[in-house]
Amino acid sequence: MGLIDAVSSAFEPDTESAEQPESGEQSAGAYWCDDCGVRVRDVDVEDEGLSMDADDTPECPDCGEAMRFERSHADGCAC
């Protein structure tokens with residue numbers, strides 16, 4: 001059983017190393033810039049000091065384009 005257990009554990013997610021928000025805020029998703037690939041979690045937008053457009057959508061810090069919001073999956077992670 002040792003070999004089977006070792007292989008099984010290799011495919012289990014590593015929950016200890018997952019980045020957790022320090023403030024305990026639950027993230028609903030992240031903002032993405034499709035052109036630059038920049039990603040900012042929704043709970044970090046204010047801390048990052050991102051500019052907002054007329055629709056109150058964060059602008060990419062690299063190119064200035066409006067970022068797209070993508071909801072997280074059911075696991076509570078906005079990765």
Chemist: Can you list everything that forms a side chain to side chain donor-acceptor pair (under 3.5 Å) with D35? Sequence neighbours excluded, please.
Modeler: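 Not a single residue meets the side chain to side chain donor-acceptor pair (under 3.5 Å) criterion with D35.
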Chemist: Taking all atoms of both residues into account, what is the closest heavy-atom pair of S27 and D42, and its distance?
Modeler: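 Reported closest heavy-atom pair: OG-OD1, 2.6 Å.
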Chemist: Looking at C60 and C63, what are the two nearest heavy atoms and their distance?
Modeler: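 That would be SG-N, 3.5 Å.
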Chemist: What's the spacing between C33 SG and R39 CZ if we round to 0.5 Å?
Modeler: 14.0 Å
Chemist: Any idea which heavy atoms bring P58 and Y31 closest together, and the distance?
Modeler: CD-CE2, 3.5 Å
Chemist: Evaluate the side-chain proximity of M52 to V45: yes if any heavy-atom separation is below 4.5 Å, no if none is.
Modeler: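 The answer is yes, as the side chains (C-beta and beyond) meet within the 4.5 Å cut-off.
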Chemist: Taking D55 for its side chain and T57 for its backbone only, find out whether a donor-acceptor pair lies under 3.5 Å.
Modeler: no
Chemist: What are the two closest heavy atoms between E59 and G64, and how far apart are they?
Modeler: CB-O, 3.7 Å
Chemist: Measure the spacing between CG of D53 and CE of M67 and express it to the nearest 0.5 Å.
Modeler: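 If we round to the nearest 0.5 Å, D53:CG and M67:CE are 11.5 Å apart.
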